[in-house]
Amino acid sequence: MNTKPAKVVGIAPEGFYGDRLSSTPPDFYLPIEAMPALANAPYVHDPDTSWLYIIGRVKPGVAMVPLQEKISALLRQAFASSKEFSSDHGKVLLARAHVVVTPGEQAFRTCRNSTPLICTC
């Protein structure tokens, strides 16, 4: 890929669209660590660049409110050392930062796979 060796580690099922529905879904996905070398994506390791969307599955029976609180705390912890949140104003904003966990099947209703997803932003 781009003149560099690449190893196929899996194949996404037909109808898999990743984090967004598109009439032209990607032909392939790269592991995050391969992106700087293979896709010329130096921002991957820049903690001050916002570029990553997270999608995950939640086990049945997990309460959403405590999950949101836990993920929000992890988010604030991860961003605490960021330049964007080092000023007094940034610290106020960071204290208010939170994650909203939303059932993804509402957004992906048109997909064949109706397994509930949880999207965090």
Which pairs of donor and acceptor atoms, one on a side chain in residues 35-44, lie under 3.5 Å apart (sequence neighbours left out)?
none

In chain order, what residues pass the side chain to side chain contact (heavy atoms under 4.5 Å, CB included) check against V62, with sequence neighbours excluded? V58, K59, L67

Under the rule for side-chain hydrogen bond (donor to acceptor under 3.5 Å, both in side chains), what residues qualify as partners of S86, not counting sequence neighbours? none

Got a sec, which pairs hit side-chain hydrogen bond (donor to acceptor under 3.5 Å, both in side chains) with one end in residues 64-81, sequence neighbours left out? none

With D46, which residues qualify under side-chain hydrogen bond (donor to acceptor under 3.5 Å, both in side chains), at least two apart? T49

Suppose we screen for side chain to side chain contact (heavy atoms under 4.5 Å, CB included). Which residues come up paired with F85, at least two apart in sequence or across chains? F79, S82, L93, L94

Check for me, please, whether M64 and L74 land in the same ILVMFWY cluster - side-chain distances under 4.5 Å, paths through other members count. no

